[in-house]
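Working notes, beginning with the structure itself.
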Amino acid sequence: MTAQKNRLGQGGRIDRTKPLRFTFDGKIYYGYQGDTLASALLANGVTLVGRSFKYHRPRGILSAGAEEPNALIQLGLGDRTEPNLRATQIELYDGLVAESQNRWPSLTTDFGAANSVIQKFIPSGFYYKTFMWPAKAWMFYEKFIRQAAGLGKGPTEQDPDRYDKLYASCDLLIIGAGPSGLATALAAGRTGARVILVDEQQELGGSLLSERTAEIDGKAAADWVAAAVAELTAMPDVTLLSRTVAWAYYDHNSVSLMERVTDHLGPVAGANQPRQRLWRVRAKEVILATGAIERPLVYSDNDRPGCMLASAARTYANRYGSMRGQRAVIMTNNDGAYRTALDLTDAGVTVFAVVDLRSNPQGELVKAARAKGIEIIAGHAITGVKGKLAVTGVDVMPLTADGKGVTSASRHIHCDLVLSSGGWQPTVHLHSQTRAKVVWSDDIQAFVPGDKLPGQNNRSIGGAHGVFRLADCLAEGHAAGSEGAAKLGFGGQSGQAPTVSDEPAEEALLPVWIVPSDKPVGQGGKHFVDYQNDVTAADVMLAHREGYRSVEHLKRYTTMGMATDQGKTSNVNALAIMAGLRNVEIPSVGTTTFRPPYTPVTLGTFSGIDKGDFLDPIRKTAMHQWHEQHGAVFECVGQWHRPYYYPKPGESMHDAVNREVKAARTGVTIVDATTLGKIDIQGPDAAWFLNMVYTNAWTKLEPGRCRYGLMLGEDGMVFDDGVTSRISENHFHMTTTTGGAPRVMSWLEEWHQCEWPDKKVYFTSVTEQWSVMALNGPLSRKLLEELTTDIPLDDDSFPFMSFKDGHLAGVPVRIFRISFTGELAFEVNCKPSHALHIWRALMQAGEKYDITPYGTEAMHVLRAEKGFIIVGQETDGTITPYDLGMGWIMAKSKTDFLGRRSLTREDTKRPDRKHLVGLLTDNPNEVLLEGGQIVAHVKDKPPMDMIGHVTSSYYSPNCNRSIALALVKNGRNRMGETVYLPYEGKVIPARITEPKFFDLEGKRING
Amino acid sequence: MKQRYSIFSLVRNALNYHADWQEAWRSPDPKPAYDVIIIGGGGHGLATAYYLAKEHGITNVAILEKGWIGGGNTGRNTTIVRSNYLWDESAHLYEHALKLWEGLSQDLNYNVMFSQRGIMNLAHTVHDMQALRRRVYAIQLNGIDSEILTPAQIKELVPMLDCSPNARYPIMGASFQRRGGTARHDAVAWGYARGADERGVDIIQNCEVTGFKIVNGTVQGVETTRGFIGAKKVGVVVAGHSGVIAGMAGFRLPLESHPLQALVSEPIKPILDTVVMSPQVHVYVSQSDKGELVLGAGIDAFNSYAQAGSPPIVENQLNALCDLFPAFSRLRMMRQWGGIVDTCPDASPIIGKTPVQNLFINCGWGTGGFKATPGSGNVFAHTIARGEPHPLAVPFALERFTTGYLIDEHGAAGVAH
Amino acid sequence: MFLITCPYCGARDEHEFGYGHEAHIVRPTPAEYEQMSDAEWAQYLFMRKNPKGVHFERWVHTKGCRRWFNVARHTVTHEILAVYEMGKPAPQIDTEKK
């Protein structure tokens, strides 16, 4: 039942003792531990695995790695389903459920393939030329286009998995654990340097894992890898991270990694661990040993299922033993593909022929293949691939002398595997992400890393900079490791460089960017360049014809390189074809700048555990639990959760707030005011400093007294406000708005350190050091008297705008006699650890006075009744003190304070700016909506000229009517005028008044 | 005469293997002098040239682009179009643009895929709701569409949003502009280029301006990497590089250039049908026609010309996204990039004259330039052609930084878009 | 992500710092600003060098010692060329460096 028809009986790195059951499109298959989904599918003879984005062409597996454009899979079910995963990178686990994508109703019968029929009408950019009629019809067409696009399906339920995130630093970060990276790690690790070695694959070893014959230090490549990994594992300062992709290289040697912690175990087994982990690594030097990616040749119908990269077939044969019994034809422009021919033959694959685009290849590998009896058809090209859902054969034709065409005689070869190699492109992604340049190498016909960017410290080695011989890779790796460690001061021995016995020499490759066929490109089969996005050589030609010739225009017009593989197999081919059309050198078409990520990165890893309540801290006061227990409804104010109001059973918000507001003017009420920002200011120049940051004068404030202050930005606009008290000659206690606390603290520090550093003054944020509860109401004094023995509370000993230290309910407190309601009020400040005790004592003693706790809404109503502003509500960064009618707070005697000069600018000194006024609706029960816009004249319909807006609006039970504050153009000169608020389908008339509604004489402050 | 684009021309050309399509624009060598030179071949510059030719009959115009057209912020933004601005001055300017967007594909005979799928701005606190109402009512009274949605209405439009009251940032409501949406950014540049080219404008790519010739305070032309080119008037529309060009002409601007980062996910089947923005938690997201989620965040604080920002900004953005859309946590980022935005102290653009005679500037669009493209080009063309600012551009003159008459749109631009 | 060497704490990740924009902008004294035109005041308030190249700028170690200091940083490569204390003059750096 576990038959895998294409599986070799032995060999490879799979564990045949551990069969794994999986399904693909509902059908049950078996693979082995160590397989990828791709290798297991191939072992089962499954070649059709997906459909392309635009034409829905049947597609097979092209590669064996991160560059895979075709084999995209919907993995898993329900809330754990994931779209667009590359089968070549999915490790097989028992019970794996995979579905193909972008097809309906099934992979073999896909209605979307109708696009293939009309493909000649929908070349690149066709949508720019149509769908324009009738006007506005785009929304109609778009719906269908969206449905057709989009590949896999996103999950629709909450992600059940956990993610992790960590920061790390090291001496050498080595990216890629192939021969170069391993040699680097060994050399550096032996010196004692702190090394992190990462590789995206499940096993370290890179290309060595696909080697059949190579030997290093006299050992088979796989054995050398095992020994190297064992030695590295034993080193305490070396961290080995497999299943970890380095996906971004940011400034100053900061590299981001994504580790797949439990993906390979399947959804259940990993449930107690994070699924994936984001690493932010800062390295002293980064070694880029990322290898190279083979380029496919661009030939006619090169996308048929069964067309594969030559190196991928070698990997599947050698590493997974999953190509048995297949019949292959190989097309190449270089010697490397002959390794595939040799190894496949050894692995039980029939290699009918190597079609070499070169006219007379004579390299050592070529000779070895010939000696093995493999037919070499030199100077020929594959001109067509037969078979729709799977390859059935190829046509081969001789090339003309210039290599740009073919001559007539065609030969058909039956086969089910067509392998191609167009040379290798170094994986320069991370180098390029640093914004360093890449340069063209004529030798290998590929881009290689140029100079590193200033401020970065990295080095590309081995395949990543176009060095492909194993011996050279090992030597470079060893040198990078020993030199890198030595530069960082590690003097230990780095040991001997690994050595390789004779490697066959290779001849130069022949650049062939479009393999000709018997018809002009675009008129016969399709020469795919970008498989996933269905961009063909003809599309590149069309882009050229229409003027989209720079590399970025080419990409954007054709969508080449914009698919999930980001052009790993297509970019260079497309560039080269465009260069040919423009008759210029390849680099002058431009090089694309690679952007992070190298391969797609799960969004969930960015937050790690920082989600839900951990996403952003919630700040609670020491009395929070009491509020909760007493039914408070909470409001978010910045990070704070503050009681909004305290409804009694059956009460609406309106009822509760009215009750709270009334109590404040008739009895005694209490509010938790802890969230106010508090800054302790000390030093001989403290008063001088306050003079600079506040608009009013502070020098003469006596110790023990408090004063209200307004802060301006240097642009003259109101920035913050609060009461500041003089504790002693050189010691002040400043309060700020709740939201403004961090901003004000930074503001003070910035001006002190950057502009007036010689002033002796010190700032300490003490917001968290003091809990604050404010008692408001005529009975507040009476209540306090019961709980203190050492604080005299009468007006003479404890006047308004002063403070006293003493004890309340047996613990130390500082009480400020300040008021944000206009009532007799006391603000009790204490240590947070005492706060709940005092609060409870006040509630208990206050019971007989029917003490009423109130929340932020009642607080707002109470202050609005008195016309007190809230910065951020009555102001929005465009309002001056004069706009607020607060000219009284602008010290005439001071020559300087922040913002002073800006107030005399042409626009800021205009007398008809917006002014803060009151608004009274004609209907006393109509409460205006905050944010309501005001007009002087109502029109039938918009547009209407707006003259201001409502900043605050409430029902005032103390005034028995609604009240509102507003900013109105020239408002102070329009007292008594009726204005209108048109919104929500009605027009509400209101009269402009003074911005003050209750206790106009201010008599209540003394109870 | 350019070929018309239509379904019929597509079919006709298909029969000939698309071999007869014309260049969308020519690549001429620069002439010795022009009536008007536009520096900067982005959307705004191309639109300026297009409207100079189309509406003012000035066709002896060159656009000088140091790289390839549409390669700056035009090709790097998150393609959002809307006009829901607070202050009258901005609302009128952006609405002028939105109205042009509504007929742009037909005007240009180039499908810019303007998709009026609606723009939603979420409110998470009582204070947010107050600010949101203020904005919506102002927009409505300016005669522009905008409405307030309840959480239930939001959930219906965007089922993927976590609208539960226990969310870290609970959703209390949203403003919604149905006429807002997205457009295909590259197509805007190419469509304007094709239209301008058809009317005789020379589009000169790979031509970098290196200096100005200024005589008696009047501009005479520009020095470029392809030699001196004379001009009676010069318009500068170079976004992030405005400060550099202004420096060549000898004046300073109230601008800082910052990286603005964006990213897309892998493409998936349709899952999000409108644009969702949350200014408070710094995220905005839409789904492209290709299926990618297109995401943007706030700007990096530091000055930069690198087209690359720092990870913390993106991290914060994605954290907020996954909190608002808990199912998106399993999707993957496919590509991230940065643009260089020129930000003004009041988050509003500068359009108009400069201290140099006949040298005009259009800059400071910060994070919000794409949506303005047609309107910006239209009023700037008027300003250059007449030598006096278009009425809609008057409040956006450079002088406002002297008088203090700023147009503070930080609320609108609090999150980049 | 920048690695910024705080003169007081050493090298730390960028996310510990706050950015303070252009350095060496001196606030005019009251005697000076009383004489300034609105346009001159706007130069101080709003106009910035914004160079493409070496930028002298201020940073603050917000999540560390909370001290302000100056940095010379290249705005294209992001290379940090100097870190120096508040009040010190800008070091001589070839500001044309590309």
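Below, read A as the first sequence line, B as the second, and so on, with proteins coming before strands; counting in each chain starts at 1. Atom set for the values below is all heavy atoms of this structure, side chains included, hydrogens, waters and symmetry mates excluded.
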Closest non-hydrogen atoms of Pro254(B) and Met47(C), given as atom of the first, atom of the second and distance, are N-SD, 3.4 Å
Between chain C and chain B, which donor-acceptor pairs sit under 3.5 Å apart?
residue	atom	partner	partner atom	Å
His241(B)	NE2	Lys52(C)	NZ	2.7
Leu253(B)	O	Arg48(C)	N	3.2
Glu256(B)	OE1	His21(C)	ND1	2.6
Glu256(B)	OE2	His21(C)	ND1	3.0
Ser257(B)	N	Asn50(C)	OD1	2.9
Ser257(B)	OG	Asn50(C)	ND2	3.0
Asn303(B)	N	Tyr19(C)	OH	3.4
Asn303(B)	O	Arg73(C)	NH1	3.2
Asn303(B)	O	Arg73(C)	NH2	2.5
Asn303(B)	OD1	Tyr19(C)	OH	2.6
Asn303(B)	ND2	Asn50(C)	OD1	3.2
Ser304(B)	OG	Thr75(C)	O	3.4
Ser304(B)	OG	His78(C)	NE2	2.6
Tyr305(B)	N	Thr75(C)	O	2.7
Tyr305(B)	OH	Asn50(C)	O	2.6
Tyr305(B)	OH	Asn50(C)	ND2	3.2
Ser310(B)	OG	Glu14(C)	OE1	2.6
Ser310(B)	OG	Glu14(C)	OE2	3.1

Arg168(B) meets the salt bridge (charged side-chain N to carboxylate O under 4.0 Å, His left out) criterion, sequence neighbours left out, with Asp616(A)
Per-residue tally against chain C (heavy atom, under 4.5 Å) across Gly243(B), Pro311(B), Ala301(B) peaks at Ala301(B)
